[in-house]
Amino acid sequence: MATGRHPDSGRNESEQERVDRNLQEMLGELRVALPGVQVLFAFLLVVPFNQRFGQVTSFQKGIYFATLILTTTSAMCLIAPSVHHRIEFRRQDKEQIVTTGNRIVIVGLTLLATAMTGAVLFVTDVLYGPRTTALVGGGVALAFGALWYVVPLRRIVGGR
């Protein structure tokens, strides 16, 4: 039962209810992000078995491998909070799971944005060459930075 307005959330909830809600929100957000990283990972696992892969340049192989590692690491980070919850849930310390999970998810999403940019770089370089690759890659990186980080951070800095 709620004990009045929570000082952090402003909601009519207890601290325990706030932590429960925060955990559920984080796990719900992961249900959105995980399919994206899984699809990208599956795509990257298939790429080397394509007949044309032997024709890629060393630069393209470097982009491919970096993107594969970034995607793998992103998947690790985005799955980690579920594993932490499963291992630690009986310790009654959801606050720690939420706090640690939040940090790991932000890292995982940053790795995912970088991996998606790498995938776009790889495909663009195979299809069009260096000039278009630089323009498209830079544009994608800027879009991720603006939409995923600048917009919410501006609200935080602005006090909204």
Side-chain angles (χ1 to χ4, degrees), residues 19-91 93-158 160:
V19 172
D20 286 344
R21 180 179 52 79
N22 288 170
L23 179 60
Q24 290 307 311
E25 287 176 359
M26 182 174 61
L27 294 175
E29 291 161 359
L30 290 172
R31 287 184 196 101
V32 172
L34 276 168
V37 77
Q38 290 169 325
V39 167
L40 180 57
F41 190 62
F43 163 76
L44 291 169
L45 289 177
V46 172
V47 167
F49 300 104
N50 184 306
Q51 290 178 346
R52 287 189 58 199
F53 191 75
Q55 300 168 358
V56 300
T57 66
S58 59
F59 174 72
Q60 292 163 347
K61 284 182 183 176
I63 292 173
Y64 166 79
F65 188 69
T67 301
L68 178 66
I69 298 304
L70 287 165
T71 304
T72 302
T73 314
S74 174
M76 283 184 219
C77 291
L78 295 177
I79 295 169
S82 296
V83 176
H84 290 199
H85 179 259
R86 187 59 13 222
I87 291 171
E88 300 180 39
F89 79 101
R90 292 198 186 270
R91 296 186 66 213
D93 193 10
K94 284 185 184 177
E95 178 74 37
Q96 182 61 39
I97 293 169
V98 170
T99 301
T100 303
N102 183 61
R103 291 182 185 129
I104 294 170
V105 168
I106 291 171
V107 169
L109 291 171
T110 302
L111 292 167
L112 177 59
T114 308
M116 290 173 73
T117 303
V120 170
L121 278 172
F122 175 75
V123 171
T124 305
D125 199 58
V126 167
L127 296 176
Y128 297 106
R131 181 179 169 91
T132 303
T133 299
L135 290 171
V136 171
V140 168
L142 283 172
F144 272 121
L147 292 172
W148 285 19
Y149 300 98
V150 173
V151 170
L153 289 173
R154 279 185 60 200
R155 287 181 51 88
I156 290 171
V157 170
R160 294 180 257 147

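What you see is a predicted model, and the numbers here were worked out from it, not measured in a lab.
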Sequence neighbours excluded, the answer for salt bridge (Lys or Arg N to Asp or Glu O under 4.0 Å) partners of Asp93 is none

Parallel, tilted or perpendicular for Tyr64 and Phe53, by the 30°/60° rule?
perpendicular

Interatomic spacing from [atom1] in [X] to [atom2] in [Y] - rounded to 0.5 Å:
{"X": "Leu68", "Y": "Leu45", "atom1": "CG", "atom2": "CG", "result": "6.0 Å"}
{"X": "Met26", "Y": "Arg31", "atom1": "CE", "atom2": "CZ", "result": "11.0 Å"}
{"X": "Ile97", "Y": "Arg86", "atom1": "CD1", "atom2": "CZ", "result": "9.5 Å"}
{"X": "Thr100", "Y": "Glu95", "atom1": "OG1", "atom2": "CD", "result": "9.5 Å"}
{"X": "Ser58", "Y": "Ile63", "atom1": "OG", "atom2": "CD1", "result": "10.0 Å"}
{"X": "Leu112", "Y": "Leu34", "atom1": "CG", "atom2": "CG", "result": "9.5 Å"}

Distance-minimising heavy-atom pair for [X] and [Y]:
{"X": "Thr67", "Y": "Ala115", "answer": "CG2-O, 3.2 Å"}
{"X": "Cys77", "Y": "Pro81", "answer": "O-CD, 3.1 Å"}
{"X": "Ala75", "Y": "Val37", "answer": "N-CG2, 3.9 Å"}

Residue of the set Leu109, Ile104, Asn102 for which side-chain contact (heavy atoms from CB on, under 4.5 Å) holds with Ile106:
Asn102

Taking side chain as C-beta onward, heavy atoms only, is [X] less than 4.5 Å from [Y]?
{"X": "Val126", "Y": "Thr57", "value": "no"}
{"X": "Val105", "Y": "Leu78", "value": "yes"}
{"X": "Phe41", "Y": "Ser74", "value": "no"}

Expected list for residues 132-148: side-chain donor-acceptor pairs under 3.5 angstrom, two or more places apart:
| from | atom 1 | to | atom 2 | distance (Å) |
| --- | --- | --- | --- | --- |
| Thr133 | OG1 | Asp125 | N | 3.1 |
| Thr133 | OG1 | Asp125 | OD1 | 3.2 |
| Thr133 | OG1 | Gly129 | O | 2.6 |

Working for side-chain contact (heavy atoms from CB on, under 4.5 Å), residues Met76 and Leu111:
CA-CA 10 Å; Met76 283 184 219; Leu111 292 167; over 6 Å; no

Show your reasoning for whether side-chain contact (heavy atoms from CB on, under 4.5 Å) applies to Arg52 and Val56.
CA-CA 7 Å; Arg52 287 189 58 199; Val56 300; over 6 Å; no

By side chain to side chain donor-acceptor pair (under 3.5 Å), Asp20 pairs with (sequence neighbours left out) Lys94

Can you establish whether the number of heavy atoms outside Phe65 located under 6.0 Å from its atom CZ is more than 12?
no

